[in-house]
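Sequence positions, counted from 1, serve as the residue numbers for this chain. Because the structure is a prediction, the values reported are computed rather than measured. Counting starts at 1 for both ligands and their atoms, following the listed order.
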Amino acid sequence: EEQEEDVLRELRLFLRNVTERLALDRRFKAFTKPVDIEEVPDYLIVIKKPMDLSTLLTNIDEHKYVTVSEFMSDADLIWQNALEYNPDSDPMDRHIRHRACALKDTVRAIIRDELDEDFDRVCEEIKESR
Ligand SMILES: O=C(C1CCC1)N1C[C@@H]2C[C@H]3C[C@@H](O)[C@@H](O)[C@]2(C1)O3
């Protein structure tokens, strides 16, 4: 009903705000766009579910997420993929993994600090009802 659409509209506003703040953070520049498959031809062999911050924004606008948990599953792919594809001891890989861990911690801190538990429960109830 209308009240449910109001809730989901507020969810999209919250998720866009979080995602845009992450995309503005210079540490996360490498996560802002899909990995360039021309530049990295074996990427899709190794990584089955690519994800990046611009794709998160597109998904939000396409009403893909009804709960924060669904959004978090895709957001987690970004740093998980980076850890998986860049596992080596060389400085470049270590730099990418440091930023991947910073992304993981930053997303969780924002959600802990800014997501209202009661609002999240309402979204979960809408999801169960559909
Ligand atoms: O995993 C990533 C991104 C970094 C976080 C996501 N890439 C895979 C390639 C390996 C490494 C060096 C460059 O070859 C550059 O193309 C990539 C991009 O970084």
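- Looking only at atom types and distance, the side chain of R94 has no donor-acceptor partner in the side chain of H98 under 3.5 Å away.
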Audit row: N59, T55, side-chain contact (heavy atoms from CB on, under 4.5 Å) steps and yes/no: CA-CA 6 Å; N59 289 349; T55 303; 4.1 Å; yes
Ligand 1 polar-atom proximity to protein (N/O, under 3.5 Å):
residue, atom, partner, partner atom, Å
ligand 1, 1 (O), N86, ND2, 3.0
ligand 1, 16 (O), E39, OE2, 2.4

Steps toward side-chain contact (heavy atoms from CB on, under 4.5 Å) verdict (V35, Y85): CA-CA 11 Å; V35 169; Y85 190 82; over 6 Å; no
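- E1 has its side chain within reach of E4: a pair of non-hydrogen atoms, C-beta onward, lies under 4.5 Å apart.
- By the ring pair (Phe, Tyr, Trp, His ring centres under 6.0 Å) test, F14 pairs with no residue at all, sequence neighbours left out.
- The number of heavy atoms from other shown groups lying within 6.0 Å of CD (E114) is above 12.
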